[in-house]
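Computed from a predicted model, the values in this text were never measured in an experiment.
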Amino acid sequence: MAVTPTQFARVTRQSTNWNDAKRRVLAAYREWIRAAPEIQTMYSIPYPVSSIRTRMRQEFERHRYVNKLPVVDVLLMQNNAEYQEMMNFWKQTTHVMSYFNTENLQSGRRLPDNFMSGFIEGRN
């Protein structure tokens, strides 16, 4: 599969009003939801498509109550960059799996409490 860097590129622009911003956010959401099966196969994600879509929705819901139009525009620009990186396969599987921390098999702790517990667990 040939990577075309500009295939998923979007022009950076500002929303003219709240209706325009809402339309752009819904279009971005639909893009992500439609791309979920392809993302699952590209990155070999061991979760069903429904779980991937649920996690995508949670990311959009996290910013649901943003009430400043310039902030929404910045979030949309970040979204476009993230989507382009994801679909062009510029991310590694570990980057994608970091979105599933709670569903991942790893525990919530990053570092062991002390040296011996880390040694026994087999962590470096």
Would Gln78 and Val74 satisfy side-chain contact (heavy atoms from CB on, under 4.5 Å), going step by step from the backbone distance to the final call? CA-CA 6 Å; Gln78 290 175 346; Val74 169; 4.0 Å; yes
Which atoms form the tightest heavy-atom contact between [X] and [Y], and what is the distance?
X	Y	value
Gln14	Asp20	O-OD2, 4.2 Å
Pro48	Gln40	CA-NE2, 3.9 Å
Met87	Met42	O-CE, 3.6 Å
Phe100	Arg55	CE2-CB, 3.7 Å
Ala21	Leu76	O-CD1, 4.4 Å
Ser15	Asp73	OG-OD1, 2.6 Å

Group every Ile, Leu, Val, Met, Phe, Trp and Tyr by side-chain heavy-atom contacts under 4.5 Å, then state whether [X] and [Y] land in the same group.
X	Y	answer
Phe89	Met86	yes
Leu75	Trp18	yes
Ile39	Tyr47	yes

Under the side-chain contact (heavy atoms from CB on, under 4.5 Å) rule, what do Met56 and Tyr99 come out as? Steps first, then yes or no, please. CA-CA 9 Å; Met56 290 174 179; Tyr99 288 110; over 6 Å; no
Sidechain-backbone polar pair: Asn17 side chain, Asn19 backbone, donor-acceptor under 3.5 Å: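 Confirmed, Asn17 side chain pairs with Asn19 backbone.
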Using the ring of each side chain (for Trp, its six-membered ring), is Tyr29 parallel, tilted or perpendicular to Phe60, with breaks at 30° and 60°?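 Because their plane-to-plane angle is over 60°, the rings of Tyr29 and Phe60 count as perpendicular.
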Among Arg24, Arg23, Lys22, side-chain contact (heavy atoms from CB on, under 4.5 Å) partner for Leu26: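 Filter result, single survivor: Lys22.
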Can you measure from CD (Glu59) to CZ (Arg64) and round to the nearest 0.5 angstrom?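 Those atoms lie 15.0 Å apart.
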Within a strict 4.5 Å, meaning less than it, do heavy atoms of the His95 and Tyr43 side chains meet?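 His95 does not reach Tyr43 side chain to side chain.
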